[in-house]
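One-based numbering along the sequence shown.
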Amino acid sequence: MTESRLLLLSVPEIPIEIVSDEEMALLEAALVSARSVFRSSSQSSHFPSNLHRPLHSITLLSKRSLSGCSQPDIEDSGEFNKKKTRSGESLLDRFRNNKAWSATDFTSTEWCEKQKEFVLLDGKRIVTQAMKTGLERHAKLEEEVVTRVKVDVNSEEDYWALRLLSFITSINQLYFDGLTRELFLIGFGEGIWMVGVIDEVQMRATETQRNPLLVDTKTRGKDTLPSEPQRRNGRFQSMFYKHLWDILVTSRFPSDQFYDHFSLNPYCELSEEIREVMAKSGCPAKTLDDVMNYYKNTWITLPLADDQLLLRYELQKDHSVIGEDEFPYDSDGFKKQLQFSLEFWQGKREASYTPVEERWKCHFCHFASNCPAAPAKSTSSNLPT
């Protein structure tokens with residue numbers, strides 16, 4: 001334990017965090033590049049006053065291959081190494097083979113399994129203006145603590161090395177400033193690899209404990225709280241992050257399985273530029289496996305996430321807070337929904353339709369004309385939004 005804490009505290013005065021915005025664009029039609037971000041930390045416990053300090057960042061650019069290393073194919077949700085699949089395989093095997101199952105995969109399934117099936121089989125994601133506005137808001141929040149510089153990434157090993165370093169330095173910021181944003185998580189649970197990006201983490205200290213509070217920000221076009229199904233979906237997303245965080249705290253990270261699943265060479269030498277980034281961050285490393293050791297040691301220092309979770313709703317036009325929904329983690333309810341969703345993804349049952357009382361959702365679905373459960377078009381202006 002002492003060794004691990006020394007690792008966190010031995011970083012330079014301005015430690016580094018790398019965060020890509022690929023997860024920020026999970027709903028975009030295609031994502032062919034990612035950025036990584038350096039964040040600063042200080043030992044101040046008054047984190048709101050630190051939000052406007054200048055920080056450093058990098059952008060991943062190159063896809064040149066290195067001998068012995070894997071050529072990167074940086075896509076949505078940590079999706080790499082696309083392979084041809086057979087139509088008889090489950091959706092998980094067909095569409096998340098050598099990839100990670102994301103928080104968005106889970107919540108979009110909870111929203112409507114049939115719609116998710118249409119999206120996967122059609123191969124198109126619909127991006128609305130509201131989604132774009134939400135992504136832009138997240139980018140603005142990120143820019144409060146981020147500036148960018150460029151660095152070449154030559155292999156998937158380089159990319160994942162930066163990913164892991166991103167987490168390490170995010171945790172530095174959490175310890176020093178009491179807050180970090182866009183925290184990338186990847187872990188193994190329920191027999192699959194899961195990935196997510198938490199909007200914000202606060203280190204909320206009490207007299208007896210310090211447990212990270214997970215915060216998710218949603219933007220709204222109207223000055224009202226969303227419908228209950230929308231709020232329920234947001235709660236499940238936050239619970240997904242809590243579940244994944246706690247798995248990583250309580251379980252040893254299976255690095256060998258990680259390398260195998262993502263087809264990575266742990267002993268491939270990282271590019272010179274990446275090795276320089278690692279050294280400057282306080283984590284000198286030559287290979288991905290070296291970085292992995294820092295990553296696993298960092299998790300040893302962390303407590304379970306707070307059992308309370310926070311959803312914050314903002315008005316898009318002026319970013320004022322409409323309301324906050326603080327709620328307890330429902331372990332039994334979440335795990336029941338998680339297993340139900342995975343049954344669909346694993347091909348154990350057919351896609352279910354959204355409940356009859358929630359089929360107002362169909363009026364906002366681009367696949368409604370092809371869905372047998374969708375009601376007739378309505379001209380009502382009283383649909384939930």
Side-chain angles (χ1 to χ4, degrees), residues 1-20 36-43 78 100 156-189 193-198 201 203 205 209-212 214 241-262 264-270 274-306:
M1 181 69 71
T2 303
E3 234 175 63
S4 298
R5 291 190 182 280
L6 286 174
L7 166 66
L8 287 170
L9 297 176
S10 64
V11 297
E13 184 178 355
I14 303 181
I16 293 171
E17 175 182 13
I18 301 104
V19 173
S20 88
S36 296
V37 176
F38 288 162
R39 292 177 184 248
S40 73
S41 300
S42 76
Q43 298 187 29
E156 289 180 17
E157 287 78 10
D158 282 355
Y159 174 80
W160 278 107
L162 291 176
R163 267 301 192 202
L164 300 182
L165 182 63
S166 167
F167 176 82
I168 295 166
T169 51
S170 291
I171 297 306
N172 291 338
Q173 187 178 48
L174 181 64
Y175 274 122
F176 295 150
D177 290 352
L179 172 126
T180 192
R181 287 181 178 158
E182 304 311 317
L183 181 66
F184 175 79
L185 298 182
I186 183 164
F188 188 79
W193 285 96
M194 297 186 287
V195 66
V197 177
I198 307 174
V201 184
M203 187 63 84
Q209 60 185 9
R210 298 182 71 199
N211 293 98
L214 311 186
Y241 297 144
K242 156 75 173 171
H243 178 69
L244 184 52
W245 177 289
D246 289 354
I247 285 175
L248 286 158
V249 168
T250 58
S251 304
R252 183 173 179 82
F253 189 87
S255 53
D256 289 341
Q257 287 178 251
F258 173 77
Y259 301 141
D260 181 65
H261 182 80
F262 292 101
L264 298 168
N265 178 357
Y267 306 112
C268 162
E269 186 169 299
L270 303 172
I274 299 303
R275 295 200 306 272
E276 289 177 1
V277 169
M278 295 297 162
K280 290 177 181 177
S281 74
C283 299
K286 292 184 177 180
T287 67
L288 178 59
D289 198 57
D290 292 336
V291 185
M292 178 64 73
N293 289 330
Y294 290 119
Y295 177 74
K296 291 192 287 190
N297 284 341
T298 302
W299 272 113
I300 293 173
T301 71
L302 289 166
L304 298 173
D306 200 301

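Side-chain rings of Phe167 and Tyr295 approach one another, their centers coming within less than 6.0 Å. Taking the six-membered ring for Trp and the full ring otherwise, the centers of Trp299 and Phe253 sit at least 6.0 Å from each other.
Ring geometry for Phe262 versus Trp160: interplanar angle of 30 to 60°, hence tilted. Classification of the His261-Trp193 ring pair by plane angle, with boundaries at 30° and 60°, yields tilted.
Of the inter-residue distances, the one linking Leu302 atom CG with Asp246 atom CG reads 11.0 Å to the nearest 0.5 angstrom. Taken from CD1 in Ile168 to SG in Cys283, the straight-line distance is 4.5 Å, to the nearest 0.5 Å. Asp158 CG to Glu269 CD: the interatomic distance, rounded to the nearest 0.5 Å, is 10.0 Å. Asn293 CG to Leu164 CG: the interatomic distance, rounded to the nearest 0.5 Å, is 10.5 Å. Taken to the nearest 0.5 Å, the OG1 atom of Thr298 stands 11.5 Å off from the CG atom of Leu248. Taken from CD in Glu182 to CD1 in Ile198, the straight-line distance is 10.0 Å, to the nearest 0.5 Å.
Judged by distance alone, with hydrogens and angles left aside, the side-chain atoms of Asp289 form no donor-acceptor pair with the main-chain N or O of Tyr267 at under 3.5 Å. At least one donor-acceptor pair closer than 3.5 Å links the side chain of Lys242 to the backbone N or O of Ala305. A side-chain donor-acceptor contact under 3.5 Å links Glu157 to the backbone of Asn265. Between the side chain of Asn297 and the backbone N or O of Tyr294 there is no donor-acceptor pair closer than 3.5 Å.
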Would you sort out whether Met292 and Leu288 count as a side chain to side chain contact (heavy atoms under 4.5 Å, CB included), showing the intermediate values?
CA-CA 6 Å; Met292 178 64 73; Leu288 178 59; 5.6 Å; no
Take Leu270 and Val291 through the test side chain to side chain contact (heavy atoms under 4.5 Å, CB included) and record every step on the way to the result.
CA-CA 10 Å; Leu270 303 172; Val291 185; 4.1 Å; yes
So Met278 and Leu162, side chain to side chain contact (heavy atoms under 4.5 Å, CB included) or not? Walk me through it.
CA-CA 8 Å; Met278 295 297 162; Leu162 291 176; 4.0 Å; yes
Could you please spell out the steps behind the side chain to side chain contact (heavy atoms under 4.5 Å, CB included) verdict for Met194 and Ile247?
CA-CA 10 Å; Met194 297 186 287; Ile247 285 175; 4.0 Å; yes
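The side chain to side chain contact (heavy atoms under 4.5 Å, CB included) check on Glu276 picks up Glu272, with sequence neighbours excluded.
Contact detail for Leu244 and Gly196: the closest heavy-atom pair is CD2-N, 4.1 Å. Of all heavy-atom pairs spanning Tyr175 and Pro303, the tightest one is OH-CD, 4.5 Å. Shown here for Leu165 and Val277, the closest heavy-atom pair between the two residues is CD2-CG1, 4.1 Å.
Screening residues 247-259 for salt bridge (Lys or Arg N to Asp or Glu O under 4.0 Å) gives no qualifying pairs among residues at least two apart or on separate chains.
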